[in-house]
Colleague: 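Take a look at the following structure, please.
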2 protein chains.
Amino acid sequence: MTKSLYREGSCSVLAVQKIIAGKWKLSILWQLSQGTKRFNQLQKLLSEISQGILTQQLRELEQDGLVHREIYREVPPKVEYSLTTLGESFMPVLATIRNWGDQYLNTRSESHTI
Amino acid sequence: MTKSLYREGSCSVLAVQKIIAGKWKLSILWQLSQGTKRFNQLQKLLSEISQGILTQQLRELEQDGLVHREIYREVPPKVEYSLTTLGESFMPVLATIRNWGDQYLNTRSESHTI
DNA sequence: CAGTATCCCTGACGATACTG
DNA sequence: CAGTATCGTCAGGGATACTG
C-alpha cells in the first residue's frame, strides 16, 4: 500500500519545495530559529543579500505563514521578525535534511556506491 | 550548545537544496522510488517535461550520486534508471518533507496561527 | 529509443537610488 | 531603520529539429 502512503507522489512535497525555493529562504529560517531578529540584523547575518531581496523573501515567508512580522511604531522604525509556530514546526524537517546532507557530503568524499 | 548541533547553520542543508532544486528532481526521485524506469516511461509519467530537460535533470541526479543509469547495448537502445543506495537513503527525508507538507496544507486552510 | 544541439524566454536575483 | 522603485542580468527551463 505504498500508494496510500505516498498518495499521488510528491504533491505536498512540491508545495514545500516552492516555499523553500528562494535562494535565501532556508538561511533566513535558520537565522530566525536562533531568535528574533531585526531587519538590519538579518541583512548583516546574510552578508551578501541586498535589501530588496531580503524584503521580498521575508514577505514571501510571511505570506506562507512561516514568519511573523512585528512592527513597532517608533522613530526610527523598528521591525522584528520571528518564526511562527508553523515556522518552528518546520525546524525538525530542516534538521532531517541537514542530517542527510551531512552524511551525503561524507559519503560523496569517500566512495560512489551504487 | 545549539551551535554544535547545527554547526554553521544551513551549510549542508544548502547542499541538499542544490541537489533537489531542479524543477523535476523530486518528481523523478519519487518515480524512481516506485521502481526502475526507462527513459520513455519517465517522460510519460512526467507528462509535461521535454526530452532535453529530462536528460539534463537525470544527468545531474546521476552526477550527484542519487540515480543509476544502466545502458543495454541493444538496438533499439535501452536505458534504465534507478535509485542508488544513496538515492534510496533520501526517501525517508522526502517522506519527512511530505508529512510536514501535508500538515502545512491542512493548517493553512484552517487558521493562520501565530 | 534515447538521446544531442540550438535557440528562445521568463522569472529569480541583484545593484542602485530614493523615502516615510 | 526599514523599507520601495526601477532597471539590468543571467541561468533554468522549454520548444523544436535532428541523430546513432
Side-chain angles (χ1 to χ4, degrees), chain A residues 10 13-32 35-64 66-84, chain B residues 10 13-32 35-64 66-84:
Chain A
S10 43
V13 173
L14 294 182
V16 180
Q17 192 183 25
K18 277 202 167 189
I19 295 173
I20 64 176
K23 182 173 177 181
W24 302 93
K25 295 282 177 69
L26 292 177
S27 300
I28 291 172
L29 289 175
W30 159 253
Q31 292 296 347
L32 293 185
T36 296
K37 300 272 185 303
R38 297 183 60 170
F39 187 86
N40 256 11
Q41 277 185 283
L42 282 171
Q43 197 176 2
K44 279 166 197 158
L45 288 166
L46 313 171
S47 50
E48 298 303 323
I49 200 172
S50 68
Q51 280 188 335
I53 299 302
L54 179 55
T55 303
Q56 175 200 305
Q57 307 259 313
L58 282 170
R59 290 291 183 284
E60 289 174 13
L61 285 172
E62 192 188 357
Q63 285 191 357
D64 289 333
L66 299 188
V67 165
H68 174 66
R69 180 164 170 250
E70 187 74 33
I71 307 162
Y72 299 85
R73 282 248 155 253
E74 303 174 359
V75 178
K78 175 180 172 185
V79 179
E80 282 188 344
Y81 292 91
S82 57
L83 291 184
T84 62
Chain B
S10 43
V13 173
L14 295 182
V16 180
Q17 193 183 25
K18 278 202 167 189
I19 295 173
I20 63 176
K23 181 172 176 181
W24 302 91
K25 296 281 177 70
L26 292 176
S27 301
I28 291 173
L29 289 176
W30 159 253
Q31 292 297 346
L32 294 184
T36 295
K37 300 273 185 300
R38 297 184 59 170
F39 188 87
N40 258 9
Q41 278 184 284
L42 281 172
Q43 197 177 0
K44 279 165 197 159
L45 289 166
L46 314 171
S47 49
E48 298 304 322
I49 200 172
S50 69
Q51 281 187 335
I53 299 302
L54 179 54
T55 302
Q56 174 199 305
Q57 307 259 312
L58 282 169
R59 291 292 183 282
E60 289 174 12
L61 286 171
E62 193 188 356
Q63 285 191 357
D64 289 333
L66 299 187
V67 165
H68 174 65
R69 181 165 170 248
E70 187 72 33
I71 307 162
Y72 299 85
R73 281 247 156 251
E74 303 175 359
V75 178
K78 175 180 172 184
V79 179
E80 283 189 343
Y81 292 91
S82 58
L83 292 185
T84 61

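Chain letters run A, B, ... following the sequence lines, proteins first and then strands; every chain starts at 1.
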Colleague: Taking atom CD1 of Ile49(A) and atom CD1 of Ile28(A), what is their separation to the nearest 0.5 Å?
Modeller: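 Output value for this atom pair is 5.0 Å.
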
Colleague: If you look only at pairs with a residue in residues 37-54 of chain A, which of them pass as a salt bridge (charged side-chain N to carboxylate O under 4.0 Å, His left out), with sequence neighbours excluded?
Modeller: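 Sorted pair list comes back empty.
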
Colleague: With a 4.0 Å limit, can you tell me whether Tyr81(B) has a side-chain N or O closer than that to the phosphate oxygens OP1/OP2 of dG3(C)?
Modeller: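 Checking Tyr81(B) against dG3(C): at least one side-chain N or O falls below 4.0 Å of OP1 or OP2.
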
Colleague: What pairs of residues pass the salt bridge (charged side-chain N to carboxylate O under 4.0 Å, His left out) test when at least one of them lies in residues 49-58 of chain B, not counting sequence neighbours?
Modeller: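 Salt bridge (charged side-chain N to carboxylate O under 4.0 Å, His left out) check on residues 49-58 of chain B returns no pairs.
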
Colleague: What does the inter-axis angle of the helix from dC1(C)-dG20(D) to dG20(C)-dC1(D) come out as, five pairs per end, nearest 10 degrees?
Modeller: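 Here the helix ends are tilted 50° relative to one another.
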
Colleague: For nucleotides 18-20 of chain D, give me every protein contact, N/O to N/O, under 3.5 Å, one pair per line with atom names.
Modeller:
none

Colleague: Could you go over nucleotides 10-14 of chain D and give all protein N or O partners under 3.5 Å, atom names and distances?
Modeller:
residue : atom : partner  : partner atom : Å
dG13(D) : OP1  : Lys23(B) : N            : 2.6
dG13(D) : OP2  : Gln57(B) : NE2          : 2.8
dG14(D) : OP1  : Lys23(B) : NZ           : 2.5
dG14(D) : OP2  : Trp24(B) : NE1          : 2.8

Colleague: Mind listing the residues from residues 35-43 of chain A sitting with a heavy atom below 4.0 Å of DNA chain D? Number order is fine.
Modeller: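 When residues 35-43 of chain A is checked for heavy atoms under 4.0 Å from DNA chain D, the hits, listed by number, are Arg38(A), Phe39(A), Asn40(A).
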
Colleague: Quick one: side chain to side chain donor-acceptor pair (under 3.5 Å) partners of Glu62(A), sequence neighbours excluded?
Modeller: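 Counting only residues at least two positions away or on another chain, Glu62(A) forms no side chain to side chain donor-acceptor pair (under 3.5 Å).
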
Colleague: List, one per line, each side-chain donor-acceptor pair under 3.5 Å for residues 74-83 of chain B, sequence neighbours excluded.
Modeller:
residue  : atom : partner  : partner atom : Å
Glu80(B) : OE1  : Tyr72(B) : OH           : 3.1
Tyr81(B) : OH   : Arg59(B) : NH1          : 3.4
Tyr81(B) : OH   : Arg69(B) : NE           : 3.3

Colleague: dG3(C) phosphate, OP1 or OP2: any side-chain N/O from Arg59(B) under 4.0 angstrom?
Modeller: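 For dG3(C), OP1/OP2 do have a side-chain N/O of Arg59(B) under 4.0 Å.
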
Colleague: Among all residues two or more places apart in sequence or in another chain, which pass the side chain to side chain donor-acceptor pair (under 3.5 Å) test with Glu70(A)?
Modeller: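 Counting only residues at least two positions away or on another chain, Glu70(A) forms a side chain to side chain donor-acceptor pair (under 3.5 Å) with His68(A).
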
Colleague: Can you sort out the partners of Ile20(B) under side chain to side chain contact (heavy atoms under 4.5 Å, CB included), two or more places apart, ordered by chain and number?
Modeller: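 Checked Ile20(B) against side chain to side chain contact (heavy atoms under 4.5 Å, CB included); matches are Val16(B), Leu26(B), Phe90(B).
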
Colleague: What distance do Trp24(A) atom CH2 and Ile53(A) atom CD1 have between them, rounded to the nearest 0.5 Å?
Modeller: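 Trp24(A) atom CH2 to Ile53(A) atom CD1 measures 9.5 Å (nearest 0.5 Å).
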
Colleague: Lys25(A): which residues meet the salt bridge (charged side-chain N to carboxylate O under 4.0 Å, His left out) condition with it, sequence neighbours left out?
Modeller: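 Counting only residues at least two positions away or on another chain, Lys25(A) forms a salt bridge (charged side-chain N to carboxylate O under 4.0 Å, His left out) with Glu60(A).
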
